[in-house]
Structure formats: C-alpha cells, structure tokens
Amino acid sequence: MNDPFHFPSLVWDEIIAIYLFLLGISAGATLLAVLLKRSRIVADGDADRNNIIRSAAIIAPVSLIVGLTILIFHLTKPWTFWLLMFNYQPHSVMSMGVMLFQIYMLFLFLWLAIVFKHLLADWIERYVPALGFVTKIINGVEKWSNPIELILILLSVLLGAYTGFLLSALISYPMLNNPVLPILFLASGTSSGIAALLLAAVWGCRESTHSASVGFLHKVETPVVLIELFLLFAFFVGLYFGGGQKTVAMVTAIGGGFWAWVFWIGVVSIGLLLPLLLSAVGSEMLKHRKGFIVFTALCTLFGVFCLRFFILYTGQMTLA
C-alpha cells in the first residue's frame, strides 16, 4: 500500500484509466455535437461548417480508436482481439461493451457521412471517382438522419455510462460495485467532452468566443459540473452509510495519502470548483477571452483525468 500504483489487490492499471478517460471524451463530444446540430443554433445545411461539429468529427472517433488501440495492445494476446468482435457473451460486461462500440461507431460514421456529405462527394469525385456509388448511398441514408441522430444520442449516453458499468461489475471491490458510478462517469465524460470541444474549436479552429455554438456549450457546462459534484457527494455518502468494507473503502480513498491529494486537489479543487468559481466571479469580458476558455477547459480535462485514475486505483485498494 506504500506504492499508490502497485499493491496486491490491483488488477486493472493505468491503461484502463486512460481508456476510460478517452471513451468518456468520445461519448461526451458526440452527445454535445448531435444536440448542437439539432438545436436552432445551427441552420439546416450549415452543420459541416460549424467548428464545434467539425471538432467533434475528429475528437469523437479518434479518442475512441486510440482508447481501443491501447487497450488491445495491453491484452495478453493482442493479435487475437478480433475474436471478441464476433463472440458475444451476454453475461459479460466487457463483451456487451464490444457490441456497444461497434454499433456506436457504425452510427457515428453514418452521421458524420451525412453531415459532411458535400465534402465527401468532392473528395470522392476528385481522388476516387470509382467510389461514386458511396455518394448515392449517403444521399439515400440521409432521409433517415433524424432516427440516426436519436439513436446516436442514446448510444453516446450508453457509452458514457458503460465506462462506469465496466468498473461496477468488479463485485469484489465494494467501492467500485456502486450504482452511482455509471451516472457519475456519464456526467464526467460529458464534462470532458464539452472541454475537449471548446479547446479544439476555440484554440484549434479559432472559433469566435462570442459565437452561439460556444455559448451553447457554456450553458450546458455549468449544470453538468454541478450534477457531477452532486453525484460525487452521493457516491461517497452511499459508501459511508453502506457500512463495513464500503466505509473502509471511503476512508482509504479520501482519508489521506497520495490518492486523497489527487482527489481533493486534482478532482475537486482544480477540476470542479476552480472552473465554477472563475465562471461565477469572472466578468463577461473575461469569460469570453480565449485564454480563459482554454484554461478552464484544461482544468476540467485534468480533473476528469484525475477522477478516472482516482476511482480505478482507490477502488481496488479495499476488498469485500
């Protein structure tokens, strides 16, 4: 127990924490991008020119693919990972997760193809004219864009919650076997998705800090952070009143030591309270400055990153 990263009851290490972090970003970015497209902010036919949606088109699939890639190479036999894609076990959370990834990626790429159909058509016509039939397929699928978006919203929520279900399935660890965990990870994943989109759009795409799309993300950001704070409180209150090893797990996690510092400073102070405080006391001029948005987004991402590590490691320190 003297080494916070190595102890006898540890089963899943830092690779899983990074994997969960990246999945949360993907789910959150997709959820917010689809909701933004369906809002009145984005006019019909203008979604492919919106910098938030453009950012999501890169962040959502790339973060998911990177997360799955590092997980695959972390396996004992990485070259047999494809077996998991065709052998589903309905009683396995991991197997159901693989199925969820496949369906999520299918609908994500379908949605992106519809949104960026003109860009794809130009690219195909210029470089690969033999694939002209793909354009016709996309035009045919476009009439189903509304149900595709609704399904993608549902899949994004499920993927965000799945990151918590994956850990809560470890019934030997009382801190992880907690019904609040999937909802907490969904909220924190949404928060990280918002931060990643703001960072990419404002910093990478030079989106105006006064744009309606940035304002949309800001309106969602504060309620999500407040919900995350409440869920963290509920998470630990449930452990405290659960008694026995659940109370021991709570005290071990936040009562002192390295991971307690990570929680109180990294998760609570920097990741949650600092962005809320800055938003509450900052002037309107300050809150629309590029540096302010980038700084608060980085604080949020750092806090969610710390939360994933904190939950994963402290959750495995106490056995039932």
Side-chain angles (χ1 to χ4, degrees), residues 1-24 67-78 80-81 84 89 91-98 100 159-189 192 228 231-268 271 302-320:
M1 287 297 184
N2 293 329
D3 188 342
F5 292 95
H6 300 90
F7 43 90
S9 57
L10 182 68
V11 176
W12 286 350
D13 56 15
E14 70 277 357
I15 296 297
I16 303 298
I18 297 172
Y19 162 72
L20 296 175
F21 174 69
L22 292 172
L23 258 60
L68 291 175
T69 301
I70 63 173
L71 180 65
I72 287 168
F73 284 98
H74 189 59
L75 296 173
T76 306
K77 298 179 180 180
T80 61
F81 79 93
L84 294 172
Q89 302 295 329
H91 301 294
S92 169
V93 176
M94 183 72 76
S95 181
M96 291 297 97
V98 172
L100 176 60
L159 182 62
Y162 168 76
T163 58
F165 279 118
L166 184 63
L167 295 184
S168 63
L170 297 175
I171 58 176
S172 299
Y173 301 98
M175 181 171 164
L176 297 180
N177 188 22
N178 191 311
V180 178
L181 194 57
I183 311 172
L184 173 61
F185 271 31
L186 171 60
S188 64
S192 65
E228 191 177 350
L231 290 171
L232 265 177
F233 176 76
F235 179 79
F236 286 110
V237 167
L239 289 174
Y240 177 77
F241 287 106
Q245 289 300 95
K246 289 188 176 182
T247 305
V248 172
M250 186 207 71
V251 173
T252 302
I254 63 175
F258 174 81
W259 289 114
W261 285 105
V262 170
F263 176 75
W264 292 113
I265 296 178
V267 178
V268 177
F302 178 74
V304 175
F305 188 74
C306 288
L307 178 64
R308 294 297 192 267
F309 271 82
F310 170 78
I311 293 291
L312 181 69
Y313 276 92
T314 58
Q316 295 179 85
M317 286 182 172
T318 305
L319 293 169

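Quick note: residue numbers are just sequence positions, from 1. As the structure is a computational prediction, the values presented were derived from the model and not from experiment.
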K.L.:
Atom SG in C306, atom CH2 in W261: separation rounded to 0.5 Å?
P.N.:
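Rounded to the nearest 0.5 Å, the SG-CH2 separation comes out at 14.0 Å.
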K.L.:
For F258, does the CZ atom sit with more than 12 other heavy atoms under 6.0 Å from it, leaving out its own atoms?
P.N.:
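Counting neighbours around CZ of F258, more than 12 heavy atoms of other residues, nucleotides or ligands fall under 6.0 Å, so yes.
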K.L.:
Taking all non-hydrogen atoms of both residues into account, name the closest pair between K246 and P174 and its distance.
P.N.:
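For K246 and P174, the tightest heavy-atom pair comes out as CG-CB, 3.8 Å.
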K.L.:
Taking the side chain as everything from C-beta on, heavy atoms only, tell me whether V267 gets closer than 4.5 Å to L232.
P.N.:
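Contact flag for V267/L232 side chains = yes.
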K.L.:
Does R308 make a cation-pi contact with F185, if we ask for NZ or CZ under 6.0 Å from the ring centre and within 45° of the axis?
P.N.:
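Yes, R308 and F185 form such a contact.
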K.L.:
Should L319 and S9 be marked as a side-chain contact (heavy atoms from CB on, under 4.5 Å) after you check the CA-CA gap, both sets of side-chain angles, and the distance that decides it?
P.N.:
CA-CA 8 Å; L319 293 169; S9 57; 4.2 Å; yes
K.L.:
Hey, what do you get for CZ (F21) to CG (L312), rounding to the nearest 0.5 Å?
P.N.:
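Separation between the atoms: 14.0 Å.
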K.L.:
Could you tell me whether the side chain of L239 reaches within less than 4.5 Å of the side chain of V251, counting heavy atoms only?
P.N.:
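Side-chain contact under 4.5 Å: no.
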K.L.:
Of all heavy-atom pairs between M175 and A249, which one has the smallest distance, and what is that distance?
P.N.:
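It is CB-CB, 3.8 Å.
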K.L.:
How about CZ on F5, more than 12 heavy atoms from neighbouring residues, nucleotides or ligands closer than 6.0 Å, or not?
P.N.:
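Count over threshold, so yes.
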K.L.:
Please report the C-alpha distance between L167 and L181 in whole Å, then the side-chain angles of each, then the deciding distance to 0.1 Å, and finally whether the side-chain contact (heavy atoms from CB on, under 4.5 Å) criterion is met.
P.N.:
CA-CA 8 Å; L167 295 184; L181 194 57; 3.7 Å; yes
K.L.:
Counting N and O atoms only, with roles assigned by atom type, does the side chain of Y162 sit under 3.5 Å from a partner on the main chain of L23, one being a donor and the other an acceptor?
P.N.:
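Judged by distance alone, no pair lies under 3.5 Å.
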K.L.:
Can you find a heavy atom in the side chain of V262 that is under 4.5 Å from one in the side chain of L307?
P.N.:
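Result no, sub-4.5 Å side-chain heavy-atom pair not found.
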K.L.:
Between F73 and I15, is the side-chain contact (heavy atoms from CB on, under 4.5 Å) condition met? List the steps.
P.N.:
CA-CA 10 Å; F73 284 98; I15 296 297; over 6 Å; no
K.L.:
Determine whether a donor-acceptor pair (N or O, by modelled atom type, separation under 3.5 Å) exists between the side chain of T247 and the backbone of Y240.
P.N.:
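Yes; judged by distance alone, with no hydrogens or angles, the pair exists.
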K.L.:
Is any side-chain heavy atom of Q316 less than 4.5 Å from a side-chain heavy atom of V11?
P.N.:
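Q316 vs V11: side chains touch.
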K.L.:
Who passes side-chain hydrogen bond (donor to acceptor under 3.5 Å, both in side chains) against Q245, sequence neighbours left out?
P.N.:
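With neighbours one apart ignored, the set is empty.
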K.L.:
Which atom pair, heavy atoms only, marks the closest approach of I70 to L22?
P.N.:
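Closest approach of I70 to L22, heavy atoms only: CD1-CD1, 4.4 Å.
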K.L.:
Do F236 and F263 have side chains that get closer than 4.5 Å, going by heavy atoms?
P.N.:
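Touching, per the 4.5 Å side-chain cut-off.
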K.L.:
If the condition is side-chain hydrogen bond (donor to acceptor under 3.5 Å, both in side chains), which residues does S192 pass it with, not counting sequence neighbours?
P.N.:
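side-chain hydrogen bond (donor to acceptor under 3.5 Å, both in side chains) list for S192, sorted by chain: empty.
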K.L.:
What pair of heavy atoms forms the shortest contact from T163 to G160, and how long is it?
P.N.:
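Where T163 meets G160 most closely, the heavy atoms are OG1-O, 2.7 Å.
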K.L.:
Counting N and O atoms only, with roles assigned by atom type, does the side chain of W264 sit under 3.5 Å from a partner on the main chain of I254, one being a donor and the other an acceptor?
P.N.:
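Confirmed, W264 side chain pairs with I254 backbone.
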K.L.:
Suppose we screen for side chain to side chain contact (heavy atoms under 4.5 Å, CB included). Which residues come up paired with L170, at least two apart in sequence or across chains?
P.N.:
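With sequence neighbours excluded, L170 shows a side chain to side chain contact (heavy atoms under 4.5 Å, CB included) to W12, Y173, L176, given in chain and number order.
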K.L.:
From S168 OG over to L184 CG, what is the distance, rounded to the nearest 0.5 angstrom?
P.N.:
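It is 11.5 Å, given to the nearest 0.5 Å.
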K.L.:
Parallel under 30°, tilted from 30 to 60°, perpendicular over 60°: which one fits the rings of F305 and F309?
P.N.:
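Aromatic pair F305/F309 classed tilted.
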K.L.:
Could you check whether any side-chain N or O of W259 sits under 3.5 Å from a backbone N or O of Y313, counting only pairs where one atom can act as donor and the other as acceptor?
P.N.:
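Side chain of W259 to backbone of Y313: no pair is present.
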K.L.:
Any non-hydrogen side-chain atom of F235 less than 4.5 Å from a side-chain atom of I183?
P.N.:
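The answer is no, as the side chains (C-beta and beyond) never meet within the 4.5 Å cut-off.
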